[in-house]
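When reading the values below, keep in mind they use all heavy atoms of this one structure, side chains included, and skip hydrogens, waters and symmetry mates.
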Amino acid sequence: MADIWFYHLTASPLERALPTLLSKTLEREKRAVVMTGQVDRVEAINTLLWTYDAQSWLPHGSKADGDAELQPVWITAEDENPNGGQFLFLTGGAISDRIADYERVIMLFDDRDTQAVADARTRWKNWKDAGHKLSYWQQTPQGSWDKKAES
């Protein structure tokens, strides 16, 4: 069963939170797949990871870049894991049928999107019923994370 962490974005958007979470993933020497619910978001996230901070660099790629097996972070709109990622980041409403294949699944959802919040509640119930270990993290006003619940 997967360890699934729900990250509720309340203080900053995905574009600020995702690079930090991916950096922490790489610090743990883990590989990641970032799955987005919209094909056009793949290139936007790819660009974001090149430009979010002039002082740092997150190695990553997508189908347009190729060489998936060499990419520590793979960005996709497909339910795939071509880089052998241990962590799956679900963004923009993405859903995977393969969550049990990952060590950890991180679902990020924005408080300003009522549908995303409703979807997160539904997924929590469904994944809890399926026996996955769940944690709910809420963003503080400073942008850090507080664990509010677990199941």
Could you grab the distance from atom [atom1] of [X] to atom [atom2] of [Y], nearest 0.5 Å is fine?
X: Leu14; Y: Leu9; atom1: CG; atom2: CG; value: 6.5 Å
X: Arg16; Y: Gln139; atom1: CZ; atom2: CD; value: 8.0 Å
X: Asn83; Y: Asp67; atom1: CG; atom2: CG; value: 12.0 Å
X: Ser12; Y: Asp110; atom1: OG; atom2: CG; value: 9.0 Å
X: Thr91; Y: Gln38; atom1: OG1; atom2: CD; value: 7.5 Å
X: His60; Y: Ile75; atom1: NE2; atom2: CD1; value: 4.5 Å

Cluster question for you: counting only ILVMFWY and a side-chain heavy-atom cut-off of under 4.5 Å, with indirect links fine, are [X] and [Y] together?
X: Ile4; Y: Trp145; result: no
X: Leu88; Y: Leu22; result: no
X: Val117; Y: Tyr136; result: yes
X: Ile45; Y: Tyr7; result: yes
X: Leu70; Y: Leu49; result: no

Parallel, tilted or perpendicular: rings of Trp5 and Trp137 (30°, 60°): tilted
Geometric class of the Phe109/Phe6 ring pair [parallel <30°, tilted 30-60°, perpendicular >60°]: perpendicular
Tell me whether [X] contacts the main-chain N or O of [Y] through its side chain, where contact means a donor paired with an acceptor under 3.5 Å.
X: Asn46; Y: Gly61; value: no
X: Thr25; Y: Lys30; value: no
X: Arg41; Y: Gly92; value: no
X: Ser144; Y: Thr140; value: no
X: Arg104; Y: Gln86; value: no
X: Gln138; Y: Thr10; value: no
X: Asp146; Y: Lys148; value: no
X: Arg31; Y: Trp74; value: no

Glu29 atom CD, neighbour heavy-atom count above 12 within 6.0 Å: no
Neighbour count >12 (heavy atoms, 6.0 Å) for atom CG, Asp97: no
Could you check whether any side-chain heavy atom of [X] comes within less than 4.5 Å of a side-chain heavy atom of [Y], counting everything from C-beta outward?
X: Pro19; Y: Asp53; value: no
X: Arg112; Y: Pro13; value: yes
X: Tyr102; Y: Asn81; value: yes
X: Met107; Y: Trp124; value: no
X: Trp50; Y: Trp57; value: yes
X: Leu21; Y: Phe87; value: no
X: Asp111; Y: His8; value: yes

Residue pair [X] / [Y]: nearest heavy atoms and the distance that separates them:
X: Ser151; Y: Lys128; value: OG-CE, 3.2 Å
X: Ala11; Y: Gly143; value: CB-N, 4.5 Å
X: Met35; Y: Ile95; value: CE-O, 3.1 Å
X: Ala2; Y: Ala100; value: CB-CA, 4.3 Å

Stepwise side chain to side chain contact (heavy atoms under 4.5 Å, CB included) check, Arg28 with Lys24: CA-CA 6 Å; Arg28 291 181 176 95; Lys24 290 180 184 216; 3.5 Å; yes
Among Val33, Leu26, Leu18, side chain to side chain contact (heavy atoms under 4.5 Å, CB included) partner for Val73: Leu26
